[in-house]
Amino acid sequence: MNTERTLKLYNSLTGQKEIFTPLTPGYVGMYVCGPTVYSDVHLGNCRTFVSFDIIYRYLLNLHYKVRYVRNITDVGHLTDDGEDRMAKGSKVAQLEPMEVAQKYTVGFHDMMRIFNTLPPSIEPRATGHIPEQIDLVQAIIDRGYGYERNGSIYFDVSKFNEENPGKYGQLSGRVIEELLTETRALKNQEEKKHPADFAIWMKGRPQDLMIWKSPWSVGFPGWHLECSAMSTKYLGQTFDIHGGGNDLKFPHHENEVAQSLGSCGHAPANYWLHTNMLLLNGKKMSKSDGNTITPEQLFTGTSEHIEKGYSPMEIRFFMLQAHYRSPLDITDHGLESAQKGYRRLMETYKILDGLAPHTEDFDGSESATDRAILDLVEQAYNGMDDDFNTAVALAALNEIGSYIHKIANQQLDARELAPWVLERIKTVFQNFIFDIFGLKEEAESGTDGTVEGLMNLILEIRAQARAQKDFNTSDKIRDGLSAVGIAVKDGKEGVRWEKTN
RNA sequence: GGUCUCGUAGCCGAGUGGUUAGGCACAGGUCUGCAAAACCUGCUACAGCGGUUCGAAUCCGCUCGAGACCUCCA
């Protein structure tokens, strides 16, 4: 690939695409808000982390040394009723909070593996960083932005706003005056000076299980604090990229910015990246309206929302077809379309991989086909450079695929393709499909070669039958294979077969 | 109600003011013993109304519609 590429990304902080310039040339620090492990992983999480996986992979592909930190939230994230999510989960299941955290962390990791995401460089847990969070609270108090009420510490948003005009609300586009006049009644609001203030340390109640000693009370850290503490610890006071789902922009990320500025005077990240939501039936998934589907249901097809199951890689491909900042609506038809697209791309790759260069009477010139293909290669990488536009890259690969099929079917003279161009697109396809898009082959044919052996035998018998014009036999074989889910594809170069379900 | 984003063909979904996105579906054709696959051709577009411009899907305004956030959520 080219050595000089310009990566542009959409920075939520400024609302526009910017050229990416890392703090230290060649190195990238990226923090992504991970899941709260109080229940089974939500399909929406999968999209977010697949999106950031592709971003991570592309940064690696640009030869950056990336430190990718993605946290596990296992304390401090409260429900509407002011109850800790972890504690609630543990009471319901009669488990220690840490057992709940462990159970769903394992489940989350399993799901990430199923979707073929690369593990982050560091995966810190909130409960493992209580001292760091206490230090951060102290730093905020020391700088005058934290105040105590009955053993809890709150972040003083109005004071912060007065001394740092324009900083609070910048990320999420909030109007500070409105936030400060907000009059909604919420739990624990009575302790705050202003409704917009948020807890950075909460005093524990007798029934709370996850509590720690602090200078102010035995209690637990506020939800937003962990990310500030852990990103600072592993990436520094200011780092390159901070990411997360769109719905975390406010208040979570906005408060992170305030905490960082409020504790040390530095903004946490130069670039904020936000992924968009996964929709079902055109609306955000929501358990309460039954408009939801779990990853397992999506795999098995056991949901009223879809007619059949789809594989993890088909779903990953489905996500690739949309840009990460666009909402993506899950529909049966859309998934079906992605399934076919995924299979076609993988099939194209196999054909490409088996294509031999045409070297004998190659005259060394560059044909129109060569130029068109090289241009498409350029388009694919340019797409990724433009805020990780996987849809554009995929479109370019599809067009290259069209040339590959033409050559494989001898509909286009193989001499049109210079040997070095063929090698180039082999590398490019490999690079995109496996390294950048993070797709993988799913057809699990027997690894011991039994299935290949059987198939070769069967197809050889069929070839003989066809040669003798015994079409009864050949069609019986083809139909029989089709019935067990194997498609036979006759081509000029020979017969190919593929599992279809 | 406030803030923001978006409205692209049968469906999904890209799009930097002037050049075919792509996929799926559909209809013809090539290939095939017949199919499938593949390839070729075709088919439906830029919510509406104004404005800026030589030129707007792209910029601006308004209207209508949708979604997100504002409250736990990726």
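Sequence lines set the chain letters: A, B, ... in the order given, protein chains first and strands last, and positions in each chain run from 1. Heavy atoms only: backbone and side chains are in, while hydrogens, waters and symmetry mates are out. Note that the structure is predicted; figures quoted are calculated from it, not measured.
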[N] versus [M] - spacing of their [atom1] atoms, nearest Å:
{"N": "B/U44", "M": "B/G10", "atom1": "P", "result": "9 Å"}
{"N": "B/G61", "M": "B/A68", "atom1": "C1'", "result": "24 Å"}
{"N": "B/C43", "M": "B/A37", "atom1": "C1'", "result": "23 Å"}
{"N": "B/A57", "M": "B/C46", "atom1": "P", "result": "9 Å"}
{"N": "B/C62", "M": "B/U5", "atom1": "P", "result": "13 Å"}
{"N": "B/C70", "M": "B/C12", "atom1": "C1'", "result": "30 Å"}
{"N": "B/G22", "M": "B/C39", "atom1": "P", "result": "12 Å"}
{"N": "B/C64", "M": "B/C49", "atom1": "P", "result": "15 Å"}

5' priority, RNA chain B, between A/Thr275 and A/Thr331 [closest heavy atom]: A/Thr331

- prompt: Closer to the 5' end of RNA chain B via nearest nucleotide, is it A/Tyr10 or A/Asp386?
  reply: A/Tyr10

Nucleotide pairing, RNA chain B (Watson-Crick or G-U, distances under 3.5 Å), in dot-bracket with [ ] and |: (((((((..(((.....[...))).(((((.......)))))....(((((..]....))))))))))))....

When the side chains of residues 310-321 of chain A are checked against the rest of the protein, which donor-acceptor pairs come out under 3.5 Å, sequence neighbours left out?
residue, atom, partner, partner atom, Å
A/Tyr310, OH, A/Asp332, O, 3.3
A/Tyr310, OH, A/Asp332, OD1, 3.1
A/Ser311, OG, A/Glu314, N, 3.2
A/Ser311, OG, A/Glu314, OE1, 3.4
A/Ser311, OG, A/Glu442, OE1, 2.4
A/Ser311, OG, A/Glu442, OE2, 3.4
A/Glu314, OE1, A/Ser311, N, 2.9
A/Glu314, OE1, A/Gln339, NE2, 3.1
A/Glu314, OE2, A/Gln339, NE2, 3.4
A/Glu314, OE2, A/Arg343, NH2, 3.4
A/Arg316, NE, A/Phe437, O, 2.7
A/Arg316, NE, A/Gly438, O, 3.3
A/Arg316, NH1, A/Asp53, OD2, 3.1
A/Arg316, NH1, A/Phe115, O, 2.8
A/Arg316, NH1, A/Asn116, O, 3.4
A/Arg316, NH2, A/Asp53, OD2, 2.8
A/Arg316, NH2, A/Phe437, O, 2.8

To the nearest Å, how far apart are [X] [atom1] and [N] [atom2]?
{"X": "A/Asn409", "N": "B/C39", "atom1": "CG", "atom2": "C1'", "value": "7 Å"}
{"X": "A/Gln170", "N": "B/U3", "atom1": "CD", "atom2": "C1'", "value": "15 Å"}
{"X": "A/Ile54", "N": "B/A74", "atom1": "CD1", "atom2": "P", "value": "19 Å"}
{"X": "A/Trp497", "N": "B/A36", "atom1": "CH2", "atom2": "C1'", "value": "16 Å"}
{"X": "A/Leu171", "N": "B/U3", "atom1": "CG", "atom2": "C1'", "value": "13 Å"}
{"X": "A/Leu9", "N": "B/U16", "atom1": "CG", "atom2": "C1'", "value": "16 Å"}
{"X": "A/Met319", "N": "B/G22", "atom1": "CE", "atom2": "P", "value": "25 Å"}
{"X": "A/Phe318", "N": "B/A14", "atom1": "CZ", "atom2": "P", "value": "10 Å"}

Base, sugar-phosphate, or nothing for [X], non-hydrogen atoms under 4.0 angstrom?
{"X": "A/Asn398", "result": "sugar-phosphate"}
{"X": "A/Gly44", "result": "base"}
{"X": "A/Glu399", "result": "sugar-phosphate"}
{"X": "A/Lys283", "result": "sugar-phosphate"}
{"X": "A/Ala322", "result": "sugar-phosphate"}
{"X": "A/Leu43", "result": "nothing"}
{"X": "A/Ser51", "result": "nothing"}
{"X": "A/His323", "result": "sugar-phosphate"}

Select one nucleotide: of [options], the one nearest the side-chain heavy atoms of [X].
{"X": "A/His405", "options": "B/C69, B/A38, B/A74", "answer": "B/A38"}
{"X": "A/Met277", "options": "B/A74, B/C40, B/C70", "answer": "B/A74"}
{"X": "A/Lys406", "options": "B/A74, B/C39, B/A21", "answer": "B/C39"}

- prompt: Is any side-chain N of the basic residue among A/Asp110 and A/Arg113 closer than 4.0 Å to the acidic one's carboxylate O?
  reply: yes

message: Test of understanding: with ring pair (Phe, Tyr, Trp, His ring centres under 6.0 Å), list the residues that count as partners of A/Phe198, not counting sequence neighbours.
response: A/Phe155, A/His224

message: A/Ser337: which residues meet the side-chain hydrogen bond (donor to acceptor under 3.5 Å, both in side chains) condition with it, sequence neighbours left out?
response: none

Partners passing salt bridge (charged side-chain N to carboxylate O under 4.0 Å, His left out) against [X] (at least two apart in sequence or in another chain):
{"X": "A/Arg496", "value": "A/Glu347"}
{"X": "A/Arg478", "value": "A/Asp475"}
{"X": "A/Lys8", "value": "none"}

message: Between A/Ser152 (side chain only) and A/Lys203 (backbone N and O only), is there a donor and an acceptor less than 3.5 Å apart?
response: yes

field: Identified side-chain contact (heavy atoms from CB on, under 4.5 Å) counterpart of A/Tyr324 within the set A/Val50, A/Thr390, A/Thr48, A/Asp387
entry: A/Asp387

Shorter than 3.5 Å, N or O on both sides, protein versus nucleotides 45-47 of chain B: list them out with atom names.
none

statement: Contacts of A/Lys476 meeting side chain to side chain contact (heavy atoms under 4.5 Å, CB included) (sequence neighbours excluded), chain-then-number -> none

field: side chain to side chain contact (heavy atoms under 4.5 Å, CB included) partners for A/Ser39, two or more places apart
entry: A/Lys287

message: Is the ring pair A/His253/A/His242 parallel, tilted or perpendicular, if the boundaries are 30 and 60 degrees?
response: perpendicular

- prompt: Any side-chain N or O of A/Asn246 under 4.0 Å from OP1/OP2 of B/U5?
  reply: no

query: Think A/Ser172 has a side-chain N or O under 4.0 angstrom from the OP1 or OP2 of B/C4?
result: no

task: Decide whether A/Gln379 and A/Asp375 meet the rule of one side-chain donor and one side-chain acceptor closer than 3.5 Å.
output: yes

query: Which letters describe nucleotides 24-35 of chain B, given B = protein heavy atom under 4.0 Å from base, S = only from sugar-phosphate, - = neither?
result: BS-----S-BBB

statement: The complete set of side-chain hydrogen bond (donor to acceptor under 3.5 Å, both in side chains) pairs with one or both residues in residues 396-407 of chain A, sequence neighbours excluded, reads A/Thr348-A/His405

